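Working notes for the structure below.
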Amino acid sequence: MSILTTTKLADELFLRPIVISMNSFALSTLMSYVMSANGCIDWRPITICVTSDILAMGADHLKDKEEEFSSDRNNVNDPRLASWFIYARTFLAASVVLLALALSQCPISTLLTTAAFVAPALLWTTPISFKKFALISRRLLGKFSRDKPQPSTSAPVLVIKRIPGMKAIFNGIIRGCGIYAVILSVLSGSGNLTNTLPSPWSVVQLIVWSTVNRSCHAIMTDVRDFEDDMKAGVPTIPVLLGSILKTKVILTTCHMLVMLAFIENPYIMGSCIFAAALVWILGKNSPKKAFLFSSHSQSLFIIWYLLVRKYLQLY
């Protein structure tokens, strides 16, 4: 078991959630800009996407580190380690306040859309008991009082994280389709949604590019943890394939297919080439922080596009 340190806590509870959420910041900024009728950037969907990302990832990391903290008796006597958990809860509480503020300025459809995409992320490691669902449904149907007592048996429990391939699917759908859906609900609710996106963008490009990119990045982090996941029996894509090489070939193919499908967009083309290069540069022996580059294979080219647009507006 690795030793828990203040540096490790700061990295897991603050640095990683913030750095990863910056991709949501860049992507939501791009979508808000190109989907807006007046070419302005709306702060509401950006705030919703960033804070939701921080909450989902921060809560997951906080739960893992609290379990690791409580498993070692020596940690209990270290007030420096305990204080980081207080900071983390304060950080998450501040994110909740910002999220609530942004949602209060949006139509109810935005709240429902956000809940639909954030709820699965918050339930990522939560055991879901089918027995509880059965009891609730029976109560709602008025059958509870008439049923005879059943012998106590172990009911099946579902953990989303344990479903093969769900990490990649969830990351892609939540950070790709979810961001688009939130921005669509905000802009359409305010009457500021454009009918035609500026060249070279299209709705299909934004959704497909984002979904595939985020899914591939999630699988890349599984490449990093391949040996640990193999020993623990975690059903990630690399573990199911039984090979890092096969995983990298599939990831490269995905990026190249997206590039070829949208070859007319230089920003998507550059992003896909960069992401494919990182697939082969990064490996199981690469430091964890190096994989942060993979999380921002979109961000760099989004910044490039926005700078080009700003330059053209000035000159």
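Since the model is a prediction, treat every value here as computed from it, not as a measurement. Count residues from 1 along the sequence.
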Minimal non-hydrogen separation, [X] against [Y], with atom names:
| X | Y | answer |
| --- | --- | --- |
| Leu197 | Ser202 | CD2-C, 3.7 Å |
| Arg214 | Asn171 | CB-O, 3.6 Å |
| Met57 | Pro17 | SD-CA, 3.6 Å |
| Leu278 | Met220 | O-CE, 4.0 Å |
| Tyr305 | Pro200 | CE1-CD, 4.4 Å |

Original post:
Which pairs pass salt bridge (charged side-chain N to carboxylate O under 4.0 Å, His left out) with one or both residues in residues 215-229, sequence neighbours excluded?
Top reply: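 Residue pairs with at least one partner in residues 215-229: Lys167-Asp222, Glu227-Lys284.
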Original post:
Taking NZ, NE, NH1 and NH2 as the nitrogens, is one of them in Glu66 or Lys63 under 4.0 Å from a carboxylate oxygen of the other?
Top reply: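 No, this pair does not count.
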**OP:** Before giving the answer on side-chain contact (heavy atoms from CB on, under 4.5 Å), spell out for Ile281 and Phe293 the whole-Å C-alpha distance, their side-chain angles and the decisive distance to 0.1 Å.
**Re:** CA-CA 11 Å; Ile281 293 173; Phe293 287 104; over 6 Å; no
Original post:
Are Ser294 and His217 linked by a side-chain donor-acceptor pair shorter than 3.5 Å?
Top reply: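 There is such a pair (donor and acceptor under 3.5 Å, judged by atom type) between the side chains of Ser294 and His217.
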**OP:** Report yes or no: do Thr110 and Ser185 form a side-chain donor-acceptor pair below 3.5 Å?
**Re:**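 Yes, a side-chain donor-acceptor pair sits under 3.5 Å.
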Original post:
Going through the checks in order, is the side-chain hydrogen bond (donor to acceptor under 3.5 Å, both in side chains) test met by Ser36 and Asp42?
Top reply: CA-CA 8 Å; Ser36 173; Asp42 195 317; over 6 Å; no
Give every donor-acceptor pair under 3.5 Å between a side-chain atom in residues 243-252 and any protein atom, sequence neighbours left out.
from: Ser243; atom 1: OG; to: Leu245; atom 2: N; distance (Å): 3.2
from: Ser243; atom 1: OG; to: Lys246; atom 2: N; distance (Å): 3.2
from: Thr247; atom 1: OG1; to: Ser243; atom 2: O; distance (Å): 2.8
from: Lys248; atom 1: NZ; to: Val279; atom 2: O; distance (Å): 3.2
from: Lys248; atom 1: NZ; to: Leu282; atom 2: O; distance (Å): 2.7
from: Thr252; atom 1: OG1; to: Lys248; atom 2: O; distance (Å): 2.8
from: Thr252; atom 1: OG1; to: Trp280; atom 2: NE1; distance (Å): 2.8

**OP:** Evaluate side-chain contact (heavy atoms from CB on, under 4.5 Å) for Val34 paired with Leu206, printing each intermediate quantity in order.
**Re:** CA-CA 10 Å; Val34 300; Leu206 291 173; 3.9 Å; yes
Subject >> Test applied, ring-ring contact (aromatic ring centres under 6.0 Å, His included); reference residue, Trp209; option that passes from Phe301, Phe262, Trp201 >> reply: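 Passing option: Trp201.
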Original post:
Do the rings of Phe91 and Phe14 sit parallel, tilted or perpendicular, given the 30° and 60° boundaries?
Top reply: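 Taking Phe14 first and then Phe91, their aromatic rings sit tilted (interplane angle of 30° to 60°).
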**OP:** Not counting sequence neighbours, which residues clear side chain to side chain contact (heavy atoms under 4.5 Å, CB included) with Ser210? List them please.
**Re:**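 Here the qualifying residues are Leu27, Met31, Gln298.
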